Asker: 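Before I ask anything, let me first share the structure, which is written out below as structure tokens.
Note that this is a predicted model, so its numbers are computed, not measured.
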Amino acid sequence: MTGREYFQISLIPILALIVLLVDSFKQLSARHKGILQFIMVNIITLLLTESAAWMLNGLPMPWVRLTLWVINLAYFILCGTVAYMWLVYVCAVQFADWHNFDIRKSCSIAAIPLVLYLVLVVSTLFNGSVFSIDENNLYHRGPYIFVQQAMCIGYLLAASTLSLVTRSKEDMRDKRSFCLVTALFPVLPFIGAVLQILLFGTALLWPCAAASVVMLYIQLQRMQISLDYTTGLNNRLCLDNYLQGLCRRRIEPWHLILIDINGFKNINATYGHLTGDEVLRTVAELLREHFGHSEAFIARYSGDDFAVVLHDTDSYEVILSLCESLKTIIKEEGIRRNLPYPLSISVGTSRYVGRQLALDHIIDLAKHRMQEDKKKQVTESTAQ
């Protein structure tokens, strides 16, 4: 493969990543933006440096040898860095809500192989351990190039394993899909790397990696369209589509549970919107934990209202029991955290069976019962 041929192959991935990079400043949330942008920039740089290395390899000019040393040194440093940063990205995204998972400590430990690898890469200037450039300006693989390949594969496999672990614990469909995409992310780069190793003279690793980034970005866009930014739950649009899908496919019976945070407006007015957002995230996390054992669909309905759809039980008594235990859990969480305000909820339920009621009536009935529950709690509180 000539340098011109490689550049032609790389041109489309480079342009695609540049478009995504520019778009990411407007479209991606803060959780995904920084590290993923760093990875995109580095893959673009790798595609350019590899193109330059192919173009200059073997040219007889006196300045070429030093240039090839610099380009290849940068290339091998960036290879290891990108693989490590992919693991960091997966940890930051998948485990951000895991309170018992120390992301910084885990990533610091994971950086040890990268540091040792970088020392090996720098030492190649003196002993050609990873690569060398001969007097004819030709590139040669070093005896320890397998270290780079093994380390990159190790980081990618570790990231995939973490993604699969998270997917097994995740109850939200979009997040499960995203976990699967991150788990399968290394497949295309791995195929490209195998071909590159077996067919010396070809360079397919980074074009394949760019293709994986494009697929990841598309999945991110889909996920962000359907998720609520503050809580990470499904949003109202996603809920509406889900309920309409249940009705259209005649999946029944199912129960709708609507949940309202009592006194939320007062919490916002007294303690500020940042505190209000924290309350929303707390309730969202408790909903995930409480209904995580079931095939529940959990969404932020509006403002301080949440919705849970259950279709794996036909027992109204079971639903009522789940609602009462949820009330207790949320109240106790406020006490455990020693919050300066009471944390409690009102709940309303309704049941869809055999199109006896239209979807709008099911929702209205759950709202009505939620308001009744709120009035009941106010009455009981006043009486005390």
Asker: To the nearest 0.5 angstrom, please state how far the CD1 atom of Ile345 sits from the CD atom of Gln377.
Answerer: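 It comes to 8.0 Å.
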
Asker: Supply the atom-to-atom distance Leu256 CG to Ile362 CD1, rounded to the nearest 0.5 angstrom.
Answerer: 8.0 Å

Asker: Does a salt bridge link Glu333 with Arg337, judged by any charged N lying under 4.0 Å from a carboxylate O?
Answerer: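 Salt bridge: yes.
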
Asker: Do Arg141 and Phe131 meet the cation-pi criteria used here (NZ or CZ under 6.0 Å from the six-membered ring centre, within 45° of the axis)?
Answerer: no

Asker: Tell me whether Asp304 contacts the main-chain N or O of Phe264 through its side chain, where contact means a donor paired with an acceptor under 3.5 Å.
Answerer: no

Asker: Answer yes or no: is there a side-chain heavy-atom contact under 4.5 Å between Thr67 and Leu56?
Answerer: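 In short, these two side chains touch, coming nearer than 4.5 Å.
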
Asker: To the nearest 0.5 Å, tell me how far Asn234 CG sits from Tyr301 OH.
Answerer: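 It comes to 15.0 Å.
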
Asker: Please determine whether a side-chain nitrogen of the Lys or Arg among Glu278 and Arg281 lies less than 4.0 Å from a carboxylate oxygen of the Asp or Glu.
Answerer: yes

Asker: Please tell me whether Gln244 and Asp240 have a donor and an acceptor in their side chains that are separated by less than 3.5 angstrom.
Answerer: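 Checked: Gln244/Asp240 side chains show no N/O donor-acceptor pair below 3.5 Å.
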
Asker: Cut-off 3.5 Å, side chains only: do Asp228 and Thr230 have a donor facing an acceptor?
Answerer: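 Absent: no donor and acceptor within the cut-off.
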
Asker: Do Ile133 and Leu125 belong together in a cluster built from hydrophobic side chains that touch within less than 4.5 Å?
Answerer: yes

Asker: So does Ile18 have more than 12 non-hydrogen atoms from other groups sitting under 6.0 Å from CD1?
Answerer: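 Count over threshold, so yes.
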
Asker: Would you give the length of the straight line joining atom CG of Asn266 to atom CD1 of Ile261, rounded to the nearest 0.5 angstrom?
Answerer: 13.0 Å

Asker: Decide yes or no for Thr349 and Arg369: does some side-chain heavy atom of the first lie under 4.5 Å from some side-chain heavy atom of the second?
Answerer: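 In short, these two side chains touch, coming nearer than 4.5 Å.
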
Asker: Can you tell if the side chain of Trp254 reaches within under 4.5 Å of the side chain of Cys247, non-hydrogen atoms only?
Answerer: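 Of all side-chain heavy-atom pairs linking Cys247 with Trp254, at least one is under 4.5 Å.
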
Asker: Hey, is Lys327 close enough to Glu324 for a salt bridge, meaning N to O under 4.0 Å?
Answerer: yes

Asker: For the CD1 atom of Ile329 and the NZ atom of Lys331, what is their distance to the nearest 0.5 Å?
Answerer: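 With rounding to 0.5 Å, CD1 (Ile329) is 13.5 Å from NZ (Lys331).
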
Asker: Quick check for you: to the nearest 0.5 Å, what is the distance between Glu317 atom CD and Leu320 atom CG?
Answerer: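 So the gap between those two atoms works out to 7.0 Å.
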
Asker: Is the closest side-chain donor-acceptor distance between Tyr75 and Trp206 under 3.5 Å?
Answerer: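 Indeed, the side chains of Tyr75 and Trp206 share at least one donor-acceptor pair under 3.5 Å.
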
Asker: With Tyr84, which residues qualify under ring pair (Phe, Tyr, Trp, His ring centres under 6.0 Å), at least two apart?
Answerer: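 Tyr84 satisfies ring pair (Phe, Tyr, Trp, His ring centres under 6.0 Å) with Tyr155 once adjacent residues are dropped.
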
Asker: Take Val279 and Tyr271, measure what side-chain contact (heavy atoms from CB on, under 4.5 Å) needs, and give me the verdict at the end.
Answerer: CA-CA 11 Å; Val279 170; Tyr271 301 96; over 6 Å; no

Asker: Please report, to 0.1 Å, the donor-acceptor pairs under 3.5 Å made by any side chain of residues 182-190, with sequence neighbours excluded.
Answerer:
unit_1, atom_1, unit_2, atom_2, d
Thr182, OG1, Gln94, NE2, 3.0
Thr182, OG1, Ser163, OG, 2.8
Thr182, OG1, Phe178, O, 3.3
Thr182, OG1, Cys179, O, 2.8

Asker: Scan side-chain atoms only and decide if Ser350 and His255 contain a donor-acceptor pair under the 3.5 Å cut-off.
Answerer: no

Asker: Is the closest side-chain donor-acceptor distance between Asp260 and Ser346 under 3.5 Å?
Answerer: no

Asker: Is any side-chain heavy atom of Thr275 less than 4.5 Å from a side-chain heavy atom of Ile267?
Answerer: yes

Asker: Does atom OH (Tyr144) have a neighbourhood of more than 12 heavy atoms from anything else shown, all under 6.0 Å?
Answerer: no

